[in-house]
Amino acid sequence: MRPALTPVALSGLLALLGGCGDSSAPAPRLTQDAEQLRPADARLAAAYERSCLLCHGRAGSGAPTTGDAAAWAPRLAKGLDQLVASARDGVGGMPALGMCADCSEADLRALIVFMSAPPAPRQP
């Protein structure tokens with residue numbers, strides 16, 4: 001028998017899911033499944049899995065999907081420093097620091113660079 005979610009756990013889960021934004025956005029076409037992409041650095045990969053993947057790893061969340069360079073382009077056009085500041089402070093449906101309380105601005109920058117880059121071609 002699975003234990004029921006406590007009201008606090010349920011509200012936390014709903015807050016995380018609510019931060020993902022509009023679910024009516026069309027799914028981007030990716031060359032790789034965004035849910036499978038991870039930063040090469042193990043520490044950043046752990047931060048990505050813990051804080052970014054929920055919204056940026058699934059199409060239709062309202063967040064630009066990892067590896068979808070076209071979705072990231074208008075954000076990057078404002079400049080990487082501005083994008084890092086938005087991630088730090090929160091913007092739209094994204095909470096401050098993207099729910100990564102232990103991420104530095106350098107970590108946020110590295111995660112944004114990773115997420116906004118097109119995925120590497122798959123090796124045969």
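The model shown is predicted, which means the values in this text are computed figures rather than measured ones.
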message: Minimum heavy-atom separation for Cys55 and Ser61, please, with both atom names.
response: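 Here Cys55 and Ser61 meet closest at O-OG, 2.6 Å.
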- prompt: Shortest non-hydrogen contact from Gly57 to Tyr48?
  reply: CA-OH, 4.2 Å
- prompt: Given Arg109 and Asp81, is the side chain to side chain contact (heavy atoms under 4.5 Å, CB included) satisfied, shown in steps?
  reply: CA-CA 8 Å; Arg109 180 177 299 274; Asp81 290 339; 2.6 Å; yes
Residues Asp107, Asp102; criterion side chain to side chain contact (heavy atoms under 4.5 Å, CB included); working and verdict: CA-CA 9 Å; Asp107 294 336; Asp102 61 338; over 6 Å; no
With His56, the side chain to side chain contact (heavy atoms under 4.5 Å, CB included) member among Leu37, Thr66, Thr65: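 Among Leu37, Thr66, Thr65, the one that satisfies the side chain to side chain contact (heavy atoms under 4.5 Å, CB included) with His56 is Thr66.
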Atom pair [atom1]/[atom2] of [X] and [Y] - distance to nearest 0.5 Å:
{"X": "Leu97", "Y": "Glu105", "atom1": "CG", "atom2": "CD", "answer": "8.5 Å"}
{"X": "Cys52", "Y": "Ile112", "atom1": "SG", "atom2": "CD1", "answer": "8.5 Å"}
{"X": "Met94", "Y": "Ser51", "atom1": "CE", "atom2": "OG", "answer": "10.0 Å"}

task: Sequence neighbours left out, what passes salt bridge (Lys or Arg N to Asp or Glu O under 4.0 Å) with Arg75? Give chain and number order.
output: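 Checked Arg75 against salt bridge (Lys or Arg N to Asp or Glu O under 4.0 Å); zero matches.
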- prompt: Val91 and Leu80: same hydrophobic cluster, using ILVMFWY side-chain contacts below 4.5 Å?
  reply: no
query: Are we looking at SG atoms under 2.5 Å apart for Cys103 and Cys100?
result: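 Looking at Cys100 and Cys103, their sulfur gamma atoms lie closer than 2.5 Å, so the answer is yes.
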